[in-house]
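Chain A is the first sequence line, chain B the second, and so forth, proteins listed ahead of strands; every chain is numbered from 1.
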Amino acid sequence: MDQHRICKAVKTTFIDITKNFSSFKFIEDYFLSEFPALHRCFSLGRSFEAQTLVLEELDISGTGIVKEENDELLQLFPDFKPLGLLRLSFWRSRLKKTSDLGKTGTGELIGYAIIKQDRVPSQSYNGWHVFEAVFLKYIHKHNYIPDGVEYSVLIGAKEFKIPGVLYCQQNGLNKSCAHVALRTLLSRMCPTQPLSYSIMNQIARITYSGDDIYMPCKGLRVNQIRAILDHFQVCYHDIDYEEAASERRTDIPYQKLLYPGIESGCGGLLGFNMSGPEAGDSLHIIPFFGHTFNKDTWVPDADAAYFNVGWGHYIPSESWTSSFIGHDDNFGPNFCIPRLYVKKENVCYVVELLKPKVKYGGMIAEAYSLQFLHSFLSSPDMDHSSNPWLLRLYKATIHEQRVVLRTLSVSRETYLRHWSEVKDWDGNRENANIIKSLQAQLPETLWIVEISLPQLFPANERKIGEIVMDALKKNDSSKDIDFNLFLLVRLPDRFYTIRGQNQYGPSFVSYPSNLKSHVPVLCQNR
Amino acid sequence: MSKTYSSQKLTRELSKQFGDQVRPVKIEMKYTKEVGAFIRKVEEAHRATANSKLVFK
């Protein structure tokens, strides 16, 4: 599936893009038109102080999925003609000739972009677009993109690897904003699968319910987006706010679906109306896959900071997220979009992507966890005075309703590795035998809802405990609480599981834990 | 009818490890109706999405 990235160039040019180089002039002269997405690529190169642009001309007939696209375009538009195919790569070091690439390490590559020029006279189309691009993310510890993927790309005669999130631009011919947004996220979820637009369009054609013939330029409907995700066996949880009760925009804000999808390394999609006088009726959808974290965000003692699950308030950890990181297919890759910039009244559709076989979303895990926490901490059998952190948690949760919850799904191995490695503030590690004995008992994928306090979570990125749930079982909503999803609660000093059932419901038991105070939060690969 | 919860498998295994250090804890489940109602709202919104007419271009 990498064929289109590893094809050899027909001609290679090395361009010094330091001091006197103007990317504006280069784009204007070479491409003869506005090209915001490519400008963005140059800006990203500049931000890493790129010194060299390697411009490779490729065979315009294309290989791999580029050729598939050209074949599809020809079927859709018999007067289609490919006119250009380039591979641009940006380098930290000064390179002058192809043999320099042979001596250059993969860490020198900042990013690449494959760009196409296509012409379809019947559609009055003659232009360039970014077929795909991958750029490094900013090196900042609060710029968080979990579970990265590496892409192989041939530059010159050498194959390089670059970590990042695939960016793709729509062309209004065989792919719309929805197609390219899906390709971005699917390339992370299904890195070994061929992700061509022709496959997406085959699926979309089968599920098209309009009276006319399906044309990709018309975009994708929600049922088609769902069908494509189903085809690639990607689990998801989505909401169309136009179909839901009107108060759902407030009860279930879109950030509550996006955020756990991002934290779990899967990402999410956000569909919204464009605002402004020229927006018209068009709906746009973009992929999100990361967030920035600002530990100094003012999270006031006001209702605006709380989230309410119908009875209890808590502070969701996304309160300290300043922006979501995503691509906008019209403007380029790796944008930080302020968390509240897209107003809820403009959002019409949100998709939380889930890890394989996960049966419910993060919001449900979080709601259950708040209820479990309240119930546990209110129990007369909980001796809060026995541990100062338990007492602080009790006050924050029950009296002040200022507990912080952070929700993410992880593999069993990731969670147990985390639990075995963390040390509390006094340097204690958990009993290794506990970890060993749970290995065979826990399901493959878990929802972890981490518990913290407002003064502990943002500045220190530490937590007091967590609630662990089975992510692979379907929630039985015929019951108020499906206890079959509950696995364990870990709090300072002790952790808890279900022993059995009595006439009131489940009965619990506790065990001693070596972790007596706070520990670092769980971070997936950045 | 007695129900076996997933967590009980953990309990059986951990009880072998901890023996007499295992302590029963009485927990009264609070706000069950409220959280059940909230979760049903979330699931209903997801089900209603099957009727979506949105198109993204």
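- Atom CD in E43(B) sits 6.5 Å away from atom NE2 in H237(A) (nearest 0.5 Å).
- The backbone N or O of D238(A) sits less than 3.5 Å from a side-chain atom of H46(B), completing a donor-acceptor pair.
- When every heavy atom of T497(A) is checked against every heavy atom of S7(B), the shortest pair comes out as CB-OG, 3.3 Å.
- In this structure, the portion of L438(A) lying under 4.5 Å from any heavy atom of chain B is its side chain and not its backbone.
- A donor-acceptor pair under 3.5 Å is absent between the side-chain atoms of S437(A) and the main chain of L14(B), judged by distance alone.
- Using a 4.5 Å heavy-atom threshold, the side chains of R499(A) and P24(B) count as touching.
- Atoms CG and NZ, from D251(A) and K41(B) in turn, are 4.5 Å apart once rounded to the nearest 0.5 Å.
- Of the inter-residue distances, the one linking F38(B) atom CZ with L370(A) atom CG reads 10.0 Å to the nearest 0.5 angstrom.
- The greatest number of non-hydrogen atom pairs below 4.5 Å with chain B, out of D329(A), I481(A), L220(A), is found for L220(A).
- Atom CG of residue L283(A) and atom NZ of residue K57(B) lie 10.5 Å apart, to the nearest 0.5 angstrom.
- Counting heavy-atom pairs closer than 4.5 Å to chain B, the top residue among N223(A), L442(A), I285(A) is I285(A).
- Taking CD of Q501(A) as the reference point, atom CD of Q8(B) lies at 8.0 Å (rounded to 0.5 Å).
- Using a 4.5 Å heavy-atom threshold, the side chains of D381(A) and I27(B) count as separate.
- Between V55(B) and R221(A) the shortest heavy-atom distance is CG2-CG, 3.7 Å.
- If you measure heavy-atom distances from Q170(A) to chain B, the contacts under 4.5 Å come from the side chain alone.
- Looking at P506(A), both its backbone and its side chain come within 4.5 Å of chain B, counting heavy atoms on both sides.
- Side-chain atoms of K473(A) and S6(B) form a donor-acceptor pair, as typed in the model, at a separation below 3.5 Å.
- Atom-to-atom distance recorded for T11(B):OG1 and L487(A):CG is 10.0 Å, nearest 0.5 angstrom.
- Between Y349(A) and T49(B) there is a side-chain heavy-atom pair separated by less than 4.5 Å.
- For chain B, the nearby part of I252(A) is the side chain; its heavy atoms alone come within less than 4.5 Å.
- Proximity to chain A is limited to the side chain of Q17(B), based on heavy atoms less than 4.5 angstrom apart.
- Using bins of under 30°, 30° to 60° and over 60° for the plane-to-plane angle, the ring pair F18(B)/Y511(A) lands in the tilted bin.
- Most heavy-atom pairs under 4.5 Å with chain A, from the set K9(B), K16(B), K26(B): that is K26(B).
- By number of non-hydrogen pairs under 4.5 angstrom with chain B, the leading residue of K218(A), K256(A), Q224(A), M363(A) is K218(A).
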Original post:
Can you check side chain to side chain contact (heavy atoms under 4.5 Å, CB included) on F56(B) and I225(A), steps first, answer last?
Top reply: CA-CA 10 Å; F56(B) 297 97; I225(A) 291 171; 4.0 Å; yes

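- With a threshold of 4.5 angstrom between heavy atoms, F372(A) approaches chain B through side-chain atoms but not through N, CA, C or O.
- The contact between R40(B) and chain A is made entirely by side chain atoms (from C-beta outward), counting heavy-atom distances below 4.5 Å.
- Counting heavy-atom pairs closer than 4.5 Å to chain B, the top-ranked of the candidates V222(A), V468(A), D470(A), I434(A) is V222(A).
- Interface remark: F272(A) contributes backbone atoms only to the contact with chain B (heavy atom separation under 4.5 Å).
- Between R23(B) and V509(A), every side-chain heavy-atom pair lies at or beyond the 4.5 Å cut-off.
- Residue L257(A) does not touch chain B at all, counting heavy-atom pairs closer than 4.5 Å.
- When E44(B), E13(B), E28(B) are compared by the number of non-hydrogen pairs under 4.5 Å with chain A, E13(B) comes out ahead.
- What you find for C348(A) and L54(B) is that their closest heavy atoms are O-CD1, 3.6 Å.
- At a threshold of 4.5 Å between non-hydrogen side-chain atoms, the residues K53(B) and E243(A) count as touching.
- For Y241(A), no part lies near chain B; criterion is any non-hydrogen pair under 4.5 Å.
- Summarising the local packing, CD of Q439(A) is surrounded by more than 12 heavy atoms from other residues, nucleotides or ligands at distances under 6.0 Å.
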